[in-house]
Colleague: 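After the structure tokens below, expect a handful of questions from me.
In this text the structure is predicted, and so the values were computed from the model without any measurement.
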Amino acid sequence: MKRHPFEAARLLAGLAALTVGVGYGLDALGLWQAPGLWLFLVLPVGLALSGTAAARASVRRRRTPPMDPPPPTLS
């Protein structure tokens with residue numbers, strides 16, 4: 001399996017969307033009375049945090065020098 005770098009921005013965006021979905025789902029089932037304003041504001045705040053994390057990762061990537069390639073192996 002191909003490994004890929006961890007992206008905190010995607011994690012935050014996914015958690016925000018999951019929180020909204022679970023909140024509305026529980027409200028629809030009648031298990032929880034969701035405050036409308038709270039659920040309405042979770043997604044924009046989560047996306048703002050996600051954008052901030054993506055910007056910080058981009059700046060960090062530009063400032064970090066590239067790694068040396070791995071030494072060749074004999075097959």
Colleague: If Ile, Leu, Val, Met, Phe, Trp and Tyr residues are connected whenever their side-chain heavy atoms lie under 4.5 Å apart, and connections chain through other members, are Leu49 and Val59 in the same group?
Modeller: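 Different clusters.
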Colleague: Linking I/L/V/M/F/W/Y whenever any side-chain heavy atoms sit under 4.5 Å apart, do Leu43 and Val22 land together?
Modeller: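 Same cluster.
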Colleague: For the pair Ser50 (side chain) and Gly46 (backbone), establish whether a donor and an acceptor sit closer than 3.5 Å, ignoring hydrogens and angles.
Modeller: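 No, the answer is negative, given that no donor and acceptor are paired below the 3.5 Å cut-off.
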Colleague: Check for a donor-acceptor pair, side chain of Thr19 on one end and backbone N or O of Leu15 on the other, with a separation under 3.5 Å.
Modeller: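 Indeed, once roles are kept as given, a pair shorter than 3.5 Å links the two residues.
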Colleague: Identify the heavy atoms of Gly23 and Ala34 that sit nearest to each other, and give their distance.
Modeller: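 What the structure gives for the nearest pair is O-CB, 4.2 Å.
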Colleague: Using the rule that two of Ile, Leu, Val, Met, Phe, Trp, Tyr join whenever any of their side-chain heavy atoms come within less than 4.5 Å, decide whether Phe6 and Leu18 are in one cluster.
Modeller: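 They do not share one cluster, since no chain of ILVMFWY contacts under 4.5 Å joins Phe6 to Leu18.
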Colleague: Let me check something: do Trp38 and Leu31 share a hydrophobic cluster, defined by ILVMFWY side-chain heavy atoms less than 4.5 Å apart, either directly or through other members?
Modeller: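 Yes; Leu31 is reachable from Trp38 via cluster members.
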Colleague: Is it the case that over 12 heavy atoms from other parts of the model lie below 6.0 angstrom from the OH atom of Tyr24?
Modeller: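 Atom OH in Tyr24 is packed in, count exceeds 12.
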